[in-house]
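Step one of this worksheet: look at the structure below.
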Amino acid sequence: MTTLAEGLRLPTNGLDYTLLALYFVVVLGIGFAARRSVKTSLDFFLSGRSLPAWVTGLAFVAANLGATEILGMAATGAQYGVAVVHWYWIGAIPAMVFLGLVMMPFYYRSKVRSVPEFLLQRFDRSAHLLSSVLFAFAAILIAGVNLYALSIVVEALLGWPQWVAIVVAGLFVLAYITIGGLSSAIYNEVLQFFVILAALIPLCVIGLKRVGGWGGLSDSLESSHGHNFLTAWGGTGIGDANPLGANWLTIILGLGFVLSFGYWTTNFAEVQRALSAKNLSAAQRTPLIGAFPKMFIVFLVMIPGLVAAVLVPKIGTAGSGLTYNDAIPYLMQELLPNGVLGIAVTGLLAAFMAGMAANVSSFNTVFTYDIWAKYVKPGRPDGYYLRFGRLITAIGVLASIGTAFIASSFSNIMGYLQTLFSFFNVPMFVVFIIGMFWKRASMKSGVWGLIAGTTAAMVNYFWIYKQGIIAIPTDQGANFVSAIVGFVAGAVVMVLVTLFTAPKPEAELAGLVYGTTAPGLEEPSPSSQLRSSRGYPIAEGDDAWYRRPALLGWGAIVLAAACYLPYSL
């Protein structure tokens, strides 16, 4: 099993443990406070569609601030350098804007309770069932990543046995989701967002000071790793060598389009937060509000990785005794005093719990609504599904404990997660995007597109890449190629199947395909929604710019492009 280095034991004291205990008490308190609002299954799974945009927007970001963001992105920074910015400014922001401006109206107006349920309306039961099973399986695998990462960190840093860390964290996540449902998870994610920032900011500031500021960091890395380690696009010409092992085409298509859009627009762990918003305008603004902190969080995870690469030049190699995943824990041990150390440990645990909670809460919704209620026990009273949702939450946590050990074979957990996304999110995205923009796409094309996309991505990764049939320099480069292959295969098969099978009747496509609107589902303008939801009149001129999804979206795109400029050469 890949674990953190044994020497990374933190000098924690009573103050650090007090801060950690206080955090867990607050987490459970939020769960009990949210319990009062849970009266129906819709309250439990989607917060009764009642939450304000700023809450869902911060939860949208925090749901992604799990093992991927903290250990995984810092590991990616230590391994690949400044190229980690691609996962944010091209690999997140455009897709988040697309979700808010284009896809959320389809999700919200159709009143679906999950992403697979949209496929049921657009295609047929076979596409719905397959997508539900694939998503539920992927959610448990990804939740397991967060539990695994948490356990190895706690074992190395605090000395707790792995099984204790897994059980304690799993029970706390299980408790506050089972008690308070999605509302509890979301409000805890908002808290976790600020706790994570409080953990990462001191690490970046003290780390930069240790290596002589940004100038000293840049000079050290350029001399040890070369100039391309400090540029986003340097050496990414086709056929050129660069730390990431990918060229501009695979970065733009594989990461910037296929993986990014596949994750942010069809991953129900994220979309669920937007679906819990109180109206369409709030649902649209959820990913757009989240886009602004998202584009700056990259510095909080990239800088520790770069600092670790300076302090341990051979990190990730057998001679150093440290894996890339050790970057954050190593800096915590070396740089942080007690008190601040307790906040950092709390932030790290909060990150893992947020990531796990996001996937468990989306798993219980999909399994209950899309599998159990549709195919196993349909037509039961709402109270039955509320009780079953709590039961399947417990089962999901137990299953996550089992899948945690699958992640142990990957030295960079970011690579493992990107592999899962290329297998499960990309095929769902191609089915969504074709079904949403092409009315002719037939009912049967959905399920065959899912099968073809998933199979092609797996064949490319496990056979073509792992068996060395085509040389791809790195796992990340292979993930980008797998995503492109899965997308193209799914799209081609959908077109071919459509040519030989019957399309869905056009009357049933209203509101499900771009350019159509279902009768009775027209939404009022964002300004009129705002006035009515607040219960008092607000003049049109008072509808501030930050309540307008289009302005928020374009602002995020322009700001992300501006962030790229200093790192492009």
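The figures here come from the full heavy-atom set of this structure, side chains too, leaving out hydrogens, waters and symmetry mates.
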Exactly one of F60, F432, F421 should register a ring-ring contact (aromatic ring centres under 6.0 Å, His included) with W264. Which one does?
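For W264, the ring-ring contact (aromatic ring centres under 6.0 Å, His included) test succeeds with only one of F60, F432, F421, which is F60.
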Residue pair [X] / [Y], side-chain heavy-atom distance below 4.5 Å:
X    : Y    : answer
Y263 : L420 : no
V115 : F135 : no
V298 : W87  : no
Y108 : Q284 : no
V55  : I186 : yes
F118 : M436 : yes
F296 : C563 : yes
T266 : V271 : no

Checking [X] side chain against [Y] main chain: does a donor-acceptor pair fall under 3.5 Å?
X    : Y    : answer
Y461 : N479 : no
S260 : G91  : yes
K504 : Q121 : yes
H86  : A232 : yes
T455 : A452 : no
T454 : I451 : no
R273 : T56  : no

Under a plain distance cut-off of 3.5 Å, with no hydrogens placed, do [Y] and [X] share a side-chain donor-acceptor pair?
X    : Y    : value
Y324 : T76  : no
R440 : S445 : no
Q272 : T365 : yes
N460 : S482 : yes

Looking only at non-hydrogen atoms, find the nearest pair between [X] and [Y] and report the distance.
X    : Y    : answer
T265 : F98  : CG2-CD2, 4.0 Å
A502 : S442 : O-CB, 3.1 Å
S400 : A143 : OG-CB, 3.3 Å
G446 : V431 : O-CG2, 3.6 Å
A127 : L119 : O-CD1, 4.3 Å
M73  : V301 : CB-CG2, 3.7 Å

For a side-chain contact (heavy atoms from CB on, under 4.5 Å) check, start with the C-alpha distance between T286 and L275, then their side-chain angles and the critical distance, and finish with the verdict.
CA-CA 9 Å; T286 292; L275 286 178; over 6 Å; no
Once you measure the plane-to-plane angle for F388 and Y384, does it fall in the parallel (<30°), tilted (30-60°) or perpendicular (>60°) bin?
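Correct class here is parallel.
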Under the rule for ring-ring contact (aromatic ring centres under 6.0 Å, His included), what residues qualify as partners of W89, not counting sequence neighbours?
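With neighbours one apart ignored, the set is F299, Y564, Y567.
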Verdict with reasoning, K444 to S126, per side-chain contact (heavy atoms from CB on, under 4.5 Å):
CA-CA 8 Å; K444 292 299 179 185; S126 57; 4.1 Å; yes
Let me see the working for S41 and Y369 under side chain to side chain donor-acceptor pair (under 3.5 Å), right down to the final yes or no.
CA-CA 10 Å; S41 64; Y369 278 148; 3.1 Å; yes
Could you give the distance from [atom1] ([X]) to [atom2] ([Y]), rounded to the nearest 0.5 Å?
X    : Y    : atom1 : atom2 : value
I196 : E189 : CD1   : CD    : 9.5 Å
N267 : F261 : CG    : CZ    : 15.0 Å
I484 : L255 : CD1   : CG    : 10.0 Å
T393 : F367 : OG1   : CZ    : 11.5 Å
Y107 : L280 : OH    : CG    : 14.0 Å
S114 : F268 : OG    : CZ    : 5.0 Å

Ring centres of Y375 and H128 under 6.0 Å apart?
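So the answer is yes for these two rings.
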Decide if the gap between the ring center of F257 and the ring center of F429 is smaller than 6.0 angstrom.
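Yes, they do, as the ring centres are separated by less than 6.0 Å.
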E508 bridged to R122 by N-O distance under 4.0 Å:
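Salt bridge absent between E508 and R122.
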Show your reasoning for whether side-chain contact (heavy atoms from CB on, under 4.5 Å) applies to K374 and L129.
CA-CA 9 Å; K374 283 285 193 303; L129 178 60; over 6 Å; no
For W248, does the CH2 atom have more than 12 heavy-atom neighbours from other residues, nucleotides or ligands under 6.0 Å away?
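Open: at most 12 neighbouring heavy atoms sit under 6.0 Å from CH2 of W248.
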For the pair W463 and I469, evaluate side-chain contact (heavy atoms from CB on, under 4.5 Å) and give the outcome as yes or no after the intermediate values.
CA-CA 7 Å; W463 183 49; I469 295 176; 3.1 Å; yes
